[in-house]
Amino acid sequence: MKPIKFVSADEAVKVVKSGDHVHFSSVSAYPVILGEALARRGDSGELKDVRIHHLHTEGDAPYTHEKYNGVFFTQSFFVGANVRKDTQSGWADYIPVFLRETQKLYRSGVLPCDVAMIQVSMVDKHGYVSLGTSVDATLAAVECAKTVIAVMNPNVPRAWGNAIIPADAVDIWVEDDTPLTPAKPAEPNEVDLKIGEHVAELVEDGACLQMGIGAIPNAVLARLGNHKNLGVHTEMFSDGLLPLIKSGVVNGLNKKYRRGRIVSTFLMGTKELYDFIDDNPGIYMTDVKYSNDPQVIGKNPKVCAINSALQIDLTGQVCADSIGTKFYSGVGGQIDFVDGANLSEGGKAIIAMPSITAKGISKIAPTLTLGAGVVTTRNHIHYVVTENGAVDLYGKSLQERAKLLISIAHPSAQEELDRAAFERFGPHYTAVNV
Ligand code: COA
């Protein structure tokens with residue numbers, strides 16, 4: 001192993017040149033001090049047209065702001081809360097891409113990676129460090145980057161699997177001991193818990209779970225305490241999974257791929273979660289190329305892919321990335337896991353969401369709002385769950401789907417939806433029985 005020599009963050013980011021593409025590791029592994037140092041370098045007027053890529057990151061994202069116009073331009077692979085406003089107003093941008101292919105953008109050379117900025121665990125006695133909570137596209141960025149800058153931080157958990165990389169993969173070292181920025185899991189409300197109950201009824205003993213992002217996954221996990229032999233193969237998980245692992249409900253014994261282990265590619269949670277995965281061989285952090293490959297996912301029986309949506313139209317088209325033309329998040333791994341569940345023996349792809357927003361907008365709509373994109377197509381869709389129940393749209397005709405979706409819509413929206421369906425499908429619609 002090469003000797004490790006630390007430099008300051010300001011010194012490290014001097015390697016970035018105008019026109020470079022920079023990758024940041026995701027979620028809490030985002031190297032805050034490198035982001036801040038890069039922004040300071042931007043202030044100095046030495047840089048122009050630097051592209052920044054990342055998935056969801058926690059904390060501030062100073063380089064996206066309008067004041068860096070012409071200096072930095074963020075083109076993220078997912079629109080997290082810290083870049084949402086700037087993306088919606090055009091000061092930052094988004095690259096639509098399946099999560100499973102984020103790594104391929106670098107490995108195929110479609111996107112160059114000049115500098116990878118990552119945060120890793122302490123080096124072990126064998127000369128290895130761990131990428132901690134972000135393996136996803138970060139491993140590919142490390143492999144492809146001309147220069148890798150790593151912050152070594154004792155708070156980064158020593159996650160196993162593909163997260164372990166040789167310290168020699170790093171060119172420039174910086175040290176920091178700031179605690180990781182936690183991603184506080186959303187507390188499920190009453191409606192979420194009701195949705196959780198309906199989803200839990202669909203989850204059979206021995207199922208292999210994937211949980212997407214948002215408040216719903218935790219509400220579902222809170223309702224699975226009496227299940228048996230559950231497994232997890234997911235792209236991400238949060239603190240809500242811990243009680244089920246500790247109680248033995250999640251033991252992975254029915255899995256065929258990495259039996260007895262939890263597979264994930266990034267993690268979002270609090271210190272409790274990060275402490276739990278530290279040096280834990282039961283958690284296998286994998287390249288997103290494997291975690292999100294539908295063929296790999298589908299090797300496990302009874303895959304339950306539980307994801308959420310912003311809007312669903314009466315034919316079962318799911319929008320999960322934008323509100324009309326305004327990007328709210330990204331496609332993420334939703335379709336990777338919907339496909340995976342559909343390939344799995346006894347698998348179930350579930351889209352779960354409240355029937356109405358806090359502002360009283362029905363999330364089941366006659367048509368998607370102008371500008372909304374389809375994440376899960378009407379051909380992929382199977383189960384849809386709201387607080388009012390669960391329906392399975394697979395193998396159902398358009399008119400049957402409309403009836404089923406209206407049955408789980410918010411009561412205040414049902415009449416208008418029914419009228420819209422009648423206008424669309426004509427008088428035969430009223431005769432349809434589901
Ligand atoms: N019309 C207008 N506004 C809507 C809306 C609709 N149909 N549906 C939701 N909203 C608003 C909400 O009011 C809320 O606004 P606020 O931020 O001002 O409170 C916001 O959009 C988010 O809605 P919410 O229901 O709280 O979302 P969530 O946190 O549960 O996340 C997704 C839901 C779909 C955004 C989330 O699952 C996601 O990003 N998915 C990406 C695709 C995916 O599933 N990938 C797999 C995991 S990465």
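Indexing begins at 1, ligand by ligand and atom by atom, following the structure's order.
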List the closest protein heavy-atom neighbour of [atom]: residue, atom name, distance to the nearest 0.1 Å.
atom	answer
atom 9 (C) of ligand 1	Lys363 NZ, 3.3 Å
atom 38 (C) of ligand 1	Ile213 CG2, 3.3 Å
atom 21 (O) of ligand 1	Ile323 CD1, 3.4 Å
atom 32 (C) of ligand 1	Ala320 O, 4.3 Å
atom 47 (C) of ligand 1	Glu235 OE2, 2.8 Å
atom 29 (O) of ligand 1	Gly214 CA, 3.7 Å
atom 16 (P) of ligand 1	Tyr328 OH, 4.9 Å
atom 41 (C) of ligand 1	Gly330 O, 3.0 Å

Donor on one side chain, acceptor on other, [X] and [Y], under 3.5 Å:
X	Y	value
Thr376	Gln334	yes
Asn153	Gln119	yes
Asn342	His380	no
Ser134	Ser26	yes
Asn82	Thr57	yes
His428	Gln399	yes
Tyr290	Asn162	no
Gln295	Asp339	no

* **Separation of Met353 CE from Ile216 CD1 (nearest 0.5 Å)** =>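 Rounded to the nearest 0.5 Å, the CD1-CE separation comes to 9.5 Å.
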Could you tell me whether [atom] has at least one protein heavy atom nearer than 4.0 Å?
atom	value
atom 12 (C) of ligand 1	no
atom 3 (N) of ligand 1	yes
atom 7 (N) of ligand 1	yes
atom 19 (O) of ligand 1	no
atom 24 (P) of ligand 1	no

* Any N or O on Leu310 sitting closer than 3.5 Å to an N or O of ligand 1? ->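 Min N/O separation from ligand 1 is below 3.5 Å for Leu310.
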* Examine Gln334 against ligand 1 and note whether any of their N/O atoms are separated by less than 3.5 Å. =>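 Gln334 vs ligand 1: N/O contact under 3.5 Å present.
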* Asked: Does the distance from a Lys or Arg side-chain N to an Asp or Glu carboxylate O, for Arg100 and Asp136, drop under 4.0 Å?
  ->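 Salt bridge between Arg100 and Asp136, a charged N being under 4.0 Å from a carboxylate O: no.
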Backbone, side chain, both or neither: what part of [X] comes under 4.0 angstrom of ligand 1, heavy atoms only?
X	value
Ala309	backbone
Val331	backbone
Ser308	both
Thr357	side chain

* To do: Enumerate the atoms of ligand 1 whose separation from the nearest heavy atom of Gly333 is less than 4.0 angstrom.
  =>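 Every atom of ligand 1 under 4.0 Å from some heavy atom of Gly333: 45 (N), 46 (C).
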* **Close-contact set for ligand 1 against Ala215 heavy atoms, below 4.0 Å** =>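 Listed by number with element: 30 (O).
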* **Lys104 atom NZ, over 12 foreign heavy atoms within 6.0 Å** =>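 For Lys104, atom NZ is not crowded (no more than 12 foreign heavy atoms under 6.0 Å).
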* To do: Please confirm whether Ala358 comes under 4.0 Å of ligand 1, counting heavy atoms of the residue only.
  =>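 No, that is not the case, since the closest heavy atom of the residue is not under 4.0 Å from the ligand.
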* **Phe24/His53 aromatic ring centres below 6.0 Å** =>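 No.
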* Distance under 6.0 Å and angle within 45° of ring axis: Arg84 vs Phe327 ->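 Judged by the rule (NZ or CZ under 6.0 Å from the ring centre, within 45° of its axis), Arg84 is not positioned above Phe327.
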